[in-house]
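If you're wondering where the values come from, they're calculated on a predicted model, not measured in any experiment.
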Number of protein chains: 2
Amino acid sequence: MRLKELALHLGLSQTTVSRALNGYPEVNEETRRRVLDAARRHGYQPNANARRLATGRAGAIGIVLPTDRNMLLDPHYMEFQAGLGETLLADEIDIVLSPTRGSDEMATYQRMAVGSRVDGVVLSSPLIADDRVRVLTELGLPFVLHGRTESPVPHAWIDIDNEGAFRHATKHLIDLGHRRIGLVNGETRFTFARDREAGFRSALAARGIAVDERFVASGVMSDEIGYRITERFLAETPRPTALLVSSMMMSLGAFRAIRAAGLELGRDVSMIAHDDVFPFLNPDVMVPTMSTTRSSIRAAGKRVGELLKELVEGRAAETIHELWPVELVVRASTGPAPDD
Amino acid sequence: MRLKELALHLGLSQTTVSRALNGYPEVNEETRRRVLDAARRHGYQPNANARRLATGRAGAIGIVLPTDRNMLLDPHYMEFQAGLGETLLADEIDIVLSPTRGSDEMATYQRMAVGSRVDGVVLSSPLIADDRVRVLTELGLPFVLHGRTESPVPHAWIDIDNEGAFRHATKHLIDLGHRRIGLVNGETRFTFARDREAGFRSALAARGIAVDERFVASGVMSDEIGYRITERFLAETPRPTALLVSSMMMSLGAFRAIRAAGLELGRDVSMIAHDDVFPFLNPDVMVPTMSTTRSSIRAAGKRVGELLKELVEGRAAETIHELWPVELVVRASTGPAPDD
DNA sequence: AGCGGATTTGAAAGCGCTTTGAATAGCGTC
DNA sequence: GACGCTATTCAAAGCGCTTTCAAATCCGCT
């Protein structure tokens, strides 16, 4: 059923029907009711592409998915997408995915922008120096950065307070008597990892504790790397009595390494992991339950969707800066430092 | 830059330019070269929506993402998407994501179909009785099912041989002397879980071993559930000496439970897990390395993309049935059954 | 009765591309 | 020199919607 047929059927012009359907005020209420009713009865659904062409808006936002940058292929994306959808779906805005091999990434943005396939894009997992901000700004394609990067160009971003989170977590461990604390971090080219390390160091410095560089390591946030780094930490003498871990996935590996070393989590070694809140990785049901710095990545996705919508509708990018606090949830994986 | 301007610039008609760009044969080679050249120099990119409207094809395929059906939010989707992109991107076909709350799922398909937002969709994680096949067929929206379901309606599908995989794995354990084998399965409403259980049972039956129903369990494929089920299995007397596990994520939990019970993986308890090949969960680097039934979900995504393209271009759905064999990779988590 | 203003409705012109049907040019034949 | 082909090119008509601009209708008042 096309708009034309529907109009004919109702004995109205396309104009009026279109207006009635799109909620314009200059339509008689009685008429609008008839139109909406007929539309529903006939299962009328406007042709998305015709509308897009006519309005000049794509009614879609894009996500570029780097299929080779390992780190990005993890579950974070999925949760984020789910959150994004919560906002956008209500407005019939599509999410367009563009899986891309690393080097083509910029070309993909270009294609999206110029071909007006999307009205805006989401940028995830920014590097400390991330060129995408500049490129997208030049392309004139609106975007919201999920995370932060160093760029002279004003742009919209929303991030969690990674530094504060790890500062608090470290402080908490110090308060429990820990002095040798290890950091099992994500790759340091990402801003979030750098910020977490900064929080970690500043908490130690505030208490006058020197950082033992043997206990600072980073890598892909996988079970495997978590295992390897922790294994190495624990082989040192004296070993760290507490660990800060950048992801739940890594914490699983860290936990295995702790057990493999014959140690007990929460007694011999304490651990606080960052939790992005995945439905399949629940710190509350782990044994022992895991202390975490928590911030829902799905909630972030939802908010990014909202902001992106406002941005596309004209809100100035430089007015969009949100820094979300991160909650420290103490559970059973942290305890007082053992006696030396 | 619009087509019109480009044409004007070249002193040609839109018709000719369009044809040159789209590779139609009735264009002078010299002309085509000039056109392509100018297009590149000016960074011409056709307006996707105008083209879609004119051709009547959406140039996009859809994925409906149920944001509440827990199981589906896991990393599987991401890998699958990456694979899908490998095929589709080359043809400038977009992937449209529609995150949806469970009950609206059918409405979402309807919207996609009637509004011609997509030319076809991917159906993932089918239930044993999955109504989507019928609905989509009635809507006339082409689709490829990744997995299988019981439906009288002929349709395109591609699946891995879950039954064969678990039959072989079970057989392998029996050959190693195991007699009490546990099955830690995914939710049984999904076809793949049912098929795996069928393979498990048939292997045992073939050797005249009775299935101990206490050692058959299923649930969401998470670390947590893997832990719980395994914990329960190991509390029985006598306990199982081997486990078949439906996902690597579950196997992490199972492994924790084994250690928690003071047992050693690969000696006291053997384990074979199904591996969908995630970049962040590598059985080769686990300690001990994990025996698996392996089938890359990314490869499947890639193939689904190809098939979907063929389908949209007119290939008959009932000619598309692929059943992929699954490889059994024996590593260190499996060993001979311990003496009772 | 006539007028200004508000309320509703419509005709038609795009949006930027593809595609049909027709026109033009070039060339070998008879 | 006219004819029949083939090779190229083009004008114009859509694709299905939104939106501008104009027209029609209705009311309350003077």
What pairs of nitrogen or oxygen atoms, one from the protein and one from nucleotides 7-10 of chain D, lie under 3.5 Å apart?
from   : atom 1 : to      : atom 2 : distance (Å)
D/dT9  : OP1    : B/Thr31 : OG1    : 2.8
D/dT9  : OP2    : B/Asn28 : N      : 3.3
D/dC10 : OP2    : B/Ser13 : N      : 2.9
D/dC10 : OP2    : B/Ser13 : OG     : 3.3
D/dC10 : OP2    : B/Thr16 : OG1    : 3.1
D/dC10 : N4     : B/Arg19 : NH1    : 2.6
D/dC10 : N4     : B/Arg19 : NH2    : 3.3

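- D/dC17 atom C1' lies 12 Å from atom NZ of A/Lys4, rounded to whole Å.
- A/Glu30 has its CD atom 18 Å from the P atom of D/dT25, to the nearest Å.
- The aromatic rings of A/His146 and A/Phe80 sit parallel, their planes meeting at an angle under 30°, below the 60° perpendicular limit.
- When rounded to the nearest whole Å, the span between CG of A/Leu21 and P of D/dT19 equals 13 Å.
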With side-chain contact (heavy atoms from CB on, under 4.5 Å) as the test, would you mind laying out the steps for A/Arg111 and B/Glu92 before giving the verdict? CA-CA 10 Å; A/Arg111 209 167 48 83; B/Glu92 305 246 311; 3.1 Å; yes
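- A close approach under 4.0 Å does not occur between any side-chain nitrogen or oxygen of A/Tyr24 and OP1 or OP2 of D/dT18.
- Listed here is the closest heavy atom pair of B/Ala60 and B/Ile93: CA-CG2, 3.8 Å.
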Grab the N/O contacts between the protein and nucleotides 25-28 of chain C below 3.5 Å, and write none if there aren't any.
none

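- Side-chain polar atoms of A/Thr100 and A/Thr108 form a donor-acceptor pair below 3.5 angstrom.
- Remark: B/Ser18 is in phosphate contact with C/dT18, judged by side-chain N or O atoms under 4.0 Å from OP1 or OP2.
- Residue A/His155 is tested with A/Leu311, A/Leu145, A/Leu123, A/Val144 for a side chain to side chain contact (heavy atoms under 4.5 Å, CB included); the sole match is A/Leu145.
- Regarding B/Glu5, its CD atom lies at a distance of 13 Å from the C1' atom of C/dC17, rounded to whole Å.
- The side chain of B/Asn47 places no N or O atom within less than 4.0 Å of a non-bridging phosphate oxygen (OP1 or OP2) of C/dC15.
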Please evaluate residues A/Ser98 and B/Leu89 with respect to the criterion side-chain contact (heavy atoms from CB on, under 4.5 Å), reporting the C-alpha separation (whole Å), side-chain torsions for both, the decisive distance (0.1 Å), and the verdict. CA-CA 7 Å; A/Ser98 270; B/Leu89 207 72; 4.2 Å; yes
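- D/dC17 atom P lies 14 Å from atom CD of A/Glu92, rounded to whole Å.
- Residues B/Ser116 and A/Asn49 come closest through the heavy atom pair O-ND2, 3.2 Å.
- Between A/Arg51 atom CZ and C/dG16 atom P the separation is 18 Å, expressed in whole Å.
- Salt bridge annotation for B/Arg134-B/Glu138: present, with a cationic side-chain nitrogen under 4.0 angstrom from a carboxylate oxygen.
- Considering only side-chain N and O atoms, A/Tyr44 lies nowhere under 4.0 angstrom from the phosphate OP1 or OP2 of D/dG16.
- Here the shortest heavy-atom pairing between A/Ile160 and A/Ser295 reads CG2-OG, 3.2 Å.
- Rounded to whole Å, atom C1' of C/dT9 lies 14 Å from atom CG of A/Leu10.
- As judged by a 4.0 angstrom heavy-atom cut-off over every strand, A/Asn22 is placed among residues touching the sugar-phosphate backbone only.
- Rounded to an integer number of Å, the gap from CZ of A/Arg57 to P of D/dC17 is 16 Å.
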